[in-house]
Amino acid sequence: MLDIKFIRENKDIVQAGAKKKHVDIDIEKLITLDDERLKELKEVEDLRAEVNRVSNDIARDQDSALKIQLIEEMRTVKEDIKAKEEKLKKTIEEWQKIMLQVPNVPDMSVPEGDGEENNKEILTWGEKPRFDFTPKDHVELMLKLDMVDFERGVKVHGFRGYFLKNDGAELSWAIWNYARKFFGEKKFSTFIAPAIVRKQHLYGTGHLPGGAEDIYQTQDEDYLSGTAEIPMMGYHSNEIIGKEELPKRYLAFSPCFRREAGAHSKDTKGLIRVQEFYKLEQLILCEASHTESVKYHEEINRNFEEFLESLDIPYRRLEICTGDLKSAHVKSYDTEAWIPSQNQYRELSSASYYHDFQARRFNIRYKDEAGKYHFVHSLNSTAVATPRILVAIVENFQQADGSVKIPEVLRKYMGDREFITK
RNA sequence: GGAGAUGUGGCUGAGUGGUUGAAGGCACCGGUUUCGAAAACCGGCAUCGGGGCAACUCGAUCGUGAGUUCAAAUCUCACCAUCUCCGCCA
């Protein structure tokens with residue numbers, strides 16, 4: 001959510017930003033509606049002021065005849081207030097609905113483009129493996145190594161269901177433990193976050209409105225979150241954080257649930273696109289400064305790249321273009337790992353910053369030296385998501401005999417083995 | 001799931017219909033005193049929104065939302081949370 005004052009003072013910038021993001025919204029119309037809201041609010045407040053004033057007179061007045069007269073008068077004013085409040089309430093509801101749809105303004109540096117095909121490759125790292133045999137895809141490899149069971153996964157869960165088993169499960173734990181150590185050294189505090197969250201938090205992060213069809217809901221009208229970003233932003237909601245405590249640096253583990261409702265025909269086999277997975281997420285709350293936001297955004301994105309480098313997985317960095325940038329984001333990088341069987345890079349991580357867009361909805365503030373309150377800035381990035389990263393590992397490190405060479409940093413978490421074999 | 005109790009500012013705690021945005025205390029900030037500190041004393045100290053260059057002023061907020069009333073922290077209802085007991089349970 002943007003500040004209505006900011007919108008009013010920068011309507012051209014906000015309108016241009018929305019256009020770049022392909023969000024159909026009329027800022028001029030919103031401002032007209034806001035004028036209406038303020039006008040109606042003033043009318044109601046003026047009448048309330050009158051009632052308050054006269055009520056005090058009534059309390060002090062000894063003359064009972066005058067008292068009765070004043071009470072009678074106030075009764076009619078009250079009716080007037082009620083009618084005006086009714087009108088104001090409708091105006092505010094409409095105002096809020098539109099306010100939730102106003103997208104965050106993309107940063108100047110974000111490349112312009114219509115959709116994901118225009119995302120810009122910034123850099124690539126690592127050497128793509130060259131095989132002197134025909135590389136297998138992760139499904140074949142992992143089935144042969146008895147690391148996964150899709151048939152029974154579908155029997156039990158349904159479409160996109162899977163069991164990780166044996167070294168598939170071991171490798172997952174190895175990655176989690178390694179990631180904990182890797183990111184722990186970067187001064188994040190470690191959390192295990194709830195995945196069941198109240199609706200309001202999804203509005204806070206910007207996952208609602210829009211995107212509702214991709215989110216699981218419980219019969220208690222809670223939601224299953226698709227990322228620990230949601231509970232971790234909720235963690236400090238309605239709080240005032242001491243400035244000396246900033247930045248807050250969190251590494252949060254949680255199960256993640258995504259219905260993938262709009263993607264039925266995509267990645268129908270394997271572990272790339274599943275409805276239930278696990279993720280460690282980096283999340284930072286910092287003071288309200290663009291410079292700080294940019295600094296930490298670069299850092300958390302680099303953290304993930306360094307993580308991949310330590311595993312020796314080839315990747316590329318994409319700068320997300322305006323047309324593909326989510327409503328709440330100011331700027332995003334995706335990190336994509338090389339997937340040999342698909343002969344392309346696939347997304348493993350996304351790092352974004354939001355300025356105070358999320359903090360405003362969550363009401364997370366801090367007090368500066370002058371005693372003034374500000375909304376914090378928020379940022380987040382994947383630290384590592386399983387099982388998707390298993391795809392990159394088994395495919396890039398597969399051997400001619402169908403075994404998989406374990407990345408060196410993971411070996412001590414895998415019983416000091418060098419290979420996953422049958 | 002059943003029964004009962006509770007929910008006031010950063011904390012503590014008073015307040016059961018009328019200048020109460022809310023006493024007192026703690027914490028915090030400024031000052032006096034002191035070589036300095038402590039203690040003591042004096043003063044200040046909620047947030048959000050509207051108007052105003054400003055002093056200031058108006059509105060809202062006592063878990064959340066609705067209601068009763070000229071007037072609600074105080075009365076009514078619903079919801080949420082916490083605590084205690086019982087039941088169930090990894």
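In what follows, chains are A, B, ... by sequence order, proteins preceding strands, each numbered from 1.
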Check your understanding: Tell me: CD of A/E45 to P of B/C48, nearest whole Å?
Key -> 16 Å
Check your understanding: For residues 355-368 of chain A, which residues have at least one heavy atom under 4.0 Å from RNA chain B?
Key -> A/R365
Practice item. Please collect all side-chain hydrogen bond (donor to acceptor under 3.5 Å, both in side chains) contacts where either partner lies in residues 402-415 of chain A, sequence neighbours excluded, each pair once. Key: A/D401-A/S403
**Study point:** ring-ring contact (aromatic ring centres under 6.0 Å, His included) partners of residues 34-67 of chain A, not counting sequence neighbours, each pair once
**Key:** none
Review point. When rounded to the nearest Å, what value does the distance between P atoms of B/G63 and B/A73 take?
Key: 10 Å
Check your understanding: Quick one: side-chain hydrogen bond (donor to acceptor under 3.5 Å, both in side chains) pairs with a partner in residues 67-77 of chain A, sequence neighbours left out?
Key -> A/Q69-A/E73, A/E72-A/R75
Practice item. Take nucleotides 63-78 of chain B nucleotide by nucleotide from the 5' end and write B, S or -, depending on whether a protein heavy atom sits under 4.0 Å from the base, only from the sugar-phosphate, or from neither. Key: -----SBBS-------
Check your understanding: Are A/R8 and A/D34 within salt-bridge range, i.e. N to O under 4.0 Å?
Key -> yes
**Study point:** Residues forming a ring pair (Phe, Tyr, Trp, His ring centres under 6.0 Å) with A/Y315, sequence neighbours excluded
**Key:** A/W125
Review point. Roughly, in whole Å, what's the span from CH2 in A/W95 to C1' in B/G49?
Key: 10 Å
Exercise for review: Give every residue pair that meets the salt bridge (charged side-chain N to carboxylate O under 4.0 Å, His left out) criterion with at least one member in residues 190-216 of chain A, sequence neighbours excluded.
Suggested key: none
**Study point:** Touch class at under 4.0 angstrom, heavy-atom based, for A/R37 against every strand present
**Key:** nothing
Review point. Could you state the CG-P distance from A/D34 to B/G49, rounded to the nearest angstrom?
Key: 13 Å
Point to revise | Distance, rounded to the nearest Å, where A/E43 contributes CD and B/G51 contributes C1' | key: 15 Å
**Study point:** Rounded distance in Å - CG (A/L88) to P (B/G49)
**Key:** 16 Å
Review point. C1' atom, B/C11 versus B/U16: distance in rounded Å?
Key: 25 Å
Review point. Quick one: do A/E305 and A/R302 make a salt bridge, cutoff under 4.0 Å?
Key: yes
Exercise for review: Scan residues 258-267 of chain A for pairs that pass salt bridge (charged side-chain N to carboxylate O under 4.0 Å, His left out), counting only residues two or more places apart or in two chains.
Suggested key: A/E260-A/R273, A/D267-A/R273, A/D267-A/R346
**Study point:** Partner nucleotide of B/C11 by Watson-Crick or wobble geometry (both distances under 3.5 Å)
**Key:** B/G25
Which atom pairs, donor and acceptor, lie under 3.5 Å between side-chain atoms of residues 226-240 of chain A and protein residues at least two apart or in another chain?
residue	atom	partner	partner atom	Å
A/T227	OG1	A/E229	N	3.0
A/T227	OG1	A/K279	NZ	2.8
A/E229	OE2	A/Y354	OH	3.3
A/E229	OE2	A/Q358	NE2	2.8
A/E229	OE2	A/N380	ND2	3.3
A/H236	ND1	A/E239	OE1	2.8
A/H236	NE2	A/Y250	OH	2.5
A/S237	OG	A/G234	O	2.8
A/N238	OD1	A/N363	ND2	3.2

Review point. If we take the C1' atom in both B/G17 and B/G10, what is their distance in whole Å?
Key: 30 Å
Check your understanding: Is the A/Y333-A/H297 ring centre distance short of 6.0 angstrom?
Key -> yes
**Study point:** Strand partner of B/C45, provided both Watson-Crick or wobble distances fall under 3.5 Å
**Key:** none
Study note, to complete from the structure: On RNA chain B, more 5' by nearest nucleotide between A/R48 and A/D3 is A/D3
Would you tabulate the side-chain donor-acceptor contacts of residues 86-93 of chain A under 3.5 Å, counting partners in other chains and residues two or more places apart, or write 'none'?
residue	atom	partner	partner atom	Å
A/T91	OG1	A/E40	OE1	2.7
A/T91	OG1	A/E40	OE2	3.4
A/T91	OG1	A/K87	O	3.0

Practice item. Calculate the interatomic distance between A/F375 atom CZ and B/U47 atom P; express it in whole Å. Key: 13 Å
Point to revise | Atom P, compared across B/A5 and B/A60: separation rounded to whole Å | key: 33 Å
Point to revise | Complement of B/U69, any strand, by Watson-Crick or G-U distances under 3.5 angstrom | key: none
Review point. Partner of B/U16 by Watson-Crick or G-U wobble geometry, both contacts under 3.5 Å, or none?
Key: none
Practice item. Could you tell me the separation between the NZ atom of A/K42 and the P atom of B/G51, rounded to a whole number of Å? Key: 9 Å
Practice item. May I ask you to check whether A/F375 and A/Y366 place their ring centers less than 6.0 Å from one another? Key: no
Check your understanding: Considering only the P atoms, how many Å lie between B/G7 and B/G13, rounded to the nearest integer?
Key -> 11 Å
Exercise for review: Could you label the plane-to-plane angle of the A/F150 and A/H138 rings as parallel, tilted or perpendicular, counting under 30° as parallel and over 60° as perpendicular?
Suggested key: perpendicular
Point to revise | Interatomic distance at C1', B/A14 relative to B/A23, whole Å | key: 6 Å
Check your understanding: Between residues 229-246 of chain A and RNA chain B, which residues have a heavy-atom gap below 4.0 Å?
Key -> none
Review point. Mind checking who B/U34 pairs with, Watson-Crick or G-U wobble, both distances under 3.5 Å?
Key: none
Exercise for review: Name the closest nucleotide to the A/A49 side chain, picking from B/G50, B/C80, B/G59.
Suggested key: B/G59
Practice item. Give a yes/no on whether any side-chain N or O of A/Y373 is located under 4.0 angstrom from OP1 or OP2 of B/C48. Key: no
Revision key, fill the gap. Using Watson-Crick geometry (N1-N3 plus N6-O4 or O6-N4) or G-U wobble (N1-O2, O6-N3), each under 3.5 Å, B/C62 is paired with none
Quick one: side chains of residues 182-190 of chain A, donor-acceptor pairs under 3.5 Å with protein atoms, not counting sequence neighbours, listed by atom name and distance.
residue	atom	partner	partner atom	Å
A/K186	NZ	A/E306	OE1	2.9
A/S189	OG	A/R249	O	3.2

Check your understanding: Using atom P of each nucleotide, how far apart are B/C79 and B/C26 to the nearest Å?
Key -> 42 Å
Practice item. Tell which nucleotide pairs with B/C83, taking only Watson-Crick or G-U wobble pairs whose two distances are both under 3.5 angstrom. Key: B/G4
Review point. Expressed as a whole number of Å, how far does the C1' atom of B/C41 sit from that of B/U74?
Key: 37 Å
